[in-house]
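Only heavy atoms go into these numbers, but all of them, side chains included; no hydrogens, no water, no symmetry mates.
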Amino acid sequence: MTMDMVGAFWVIPLVVLMLGISAVIIVVRLLKGPTGPDRVVAIDALTLVGVAAVALGAMISGQIVFLDVAVVLSLVAFLGTVAFAPLFRKSEQNRRERAGLDGEEEEGRQ
Amino acid sequence: MSGGSLLPWLSMVLILAGGLFCLLGAIGVLRLPDCYSRMHAASKAGALGAVLVLAGVAAATSGEATMEALFALMAVLVTAPLAAHAVSRAAYHADIKPVVGKLGNVIEDERLEADPWGRSGTQTVSGGEDTASGRVVEETRLTAARGDGVSIAAPVAPPGGAVGLPTQTSASSSPVGGSAEDNSSPSAAGPTENQRNDRS
């Protein structure tokens with residue numbers, strides 16, 4: 001696999017640095033996220049950053065096989081994110097039943 | 001290469017833009033207020049960043065690797081919006097309230113307009129009452145203002161009650177919440193019956 005790209009010696013390290021910063025920021029949200037959907041969204045964004053990083057890695061190392069990894073990673077991210085949805089629906093229901101369902105009526109509607 | 005000397009420049013621009021969009025999406029995921037807007041940032045800016053990096057790889061390489069990168073691009077482009085939609089829908093059904101501005105929650109408003117008695121979210125109400133449901137709401141508001149005491153708080157039911165979610169327990173404080181929860185209970189049929197008697 002040949003790679004022709006203008007300024008690859010500075011573009012690729014810069015973009016790798018950007019992706020690393022993005023991953024760190026998303027991990028902060030993943031650890032901080034107050035509800036379940038926040039964490040699931042953070043995982044989804046993290047796998048998208050991972051897809052971009054794997055594509056860059058394929059370009060750096062010159063191995064076409066890494067692009068297969070990018071395809072499979074995006075598909076597995078989709079399946080994982082969709083599989084989380086009924087999970088936190090059920091857990092949210094349990095949490096609300098334990099909390100006794102109050103504090104709903106305070107937001108008055110005009 | 002077919003593009004001459006254009007494709008290396010294009011690849012540089014695409015990969016730089018992809019890294020920038022990934023960074024913007026990550027900052028949005030960190031800083032936006034609620035999980036729906038975070039999902040907006042993750043599924044639009046983040047997916048665009050990954051797609052741009054893949055397009056840059058496809059522009060920089062040639063032959064089989066280009067096709068592979070385009071296939072990965074298609075996979076990301078198809079699956080990312082579906083995943084975001086599924087998660088946001090499940091979050092809304094798990095009764096996580098979005099942070100709304102001055103204009104309010106439009107989903108709740110539309111559901112309340114189409115379904116003022118909270119009949120489990122479906123649009124079909126028996127007896128042809130659903131076509132005039134907006135009129136029913138207006139008349140009930142007028143009745144409440146007139147002080148007939150038919151159903152004072154019925155059209156302004158709490159939003160959690162109007163959703164009709166099964167997550168509600170029956171120990172709700174107001175009778176309106178109970179009527180919004182259970183369709184077959186007599187308290188649910190009560191205001192509607194009074195309303196029909198009023199109109200006839």
> Filter on salt bridge (charged side-chain N to carboxylate O under 4.0 Å, His left out), then keep only pairs touching residues 37-46 of chain B, sequence neighbours left out; what's left?
Asp38(A)-Arg38(B)

> Apply the test side-chain contact (heavy atoms from CB on, under 4.5 Å) to residues Trp10(A) and Met12(B): give CA-CA distance (whole Å), side-chain angles for both, the deciding distance (0.1 Å), then the verdict.
CA-CA 10 Å; Trp10(A) 65 273; Met12(B) 181 189 81; 4.2 Å; yes

> Of the backbone (N, CA, C, O) and the side chain (C-beta and beyond), which part of Ile27(B) lies under 4.5 Å from a heavy atom of chain A, both, or neither?
both

> Linking Ile, Leu, Val, Met, Phe, Trp and Tyr through side-chain heavy atoms less than 4.5 Å apart, which residues share a cluster with Val71(A)?
Leu75(A), Phe71(B)

> Can you tell me which of Gly49(B), Ala58(B), Ala86(B), Ser11(B) forms the most heavy-atom pairs within a distance under 4.5 Å of chain A?
Ser11(B)

> After noting the C-alpha distance and the side-chain angles of Leu56(A) and Val53(B), does the key distance pass the side-chain contact (heavy atoms from CB on, under 4.5 Å) rule?
CA-CA 7 Å; Leu56(A) 270 185; Val53(B) 169; 4.1 Å; yes

> Does any heavy atom of chain B fall under 4.5 Å from the side chain of Leu48(A), the backbone, both, or neither of them?
both

> Name the option with the most non-hydrogen atom pairs under 4.5 Å to chain B; the candidates are Val82(A), Asp68(A), Leu19(A), Val28(A).
Asp68(A)

> Return yes if some donor-acceptor pair links the side-chain N/O of Thr47(A) with the main-chain N/O of Ala77(A) below 3.5 Å, else return no.
no

> Given heavy-atom pairs under 4.5 angstrom as the criterion, report whether the side chain, backbone, both or neither of Val15(A) touches chain B.
side chain

> Please classify the contact of Leu73(B) with chain A as side chain, backbone, both or neither, using a heavy-atom distance under 4.5 Å.
neither

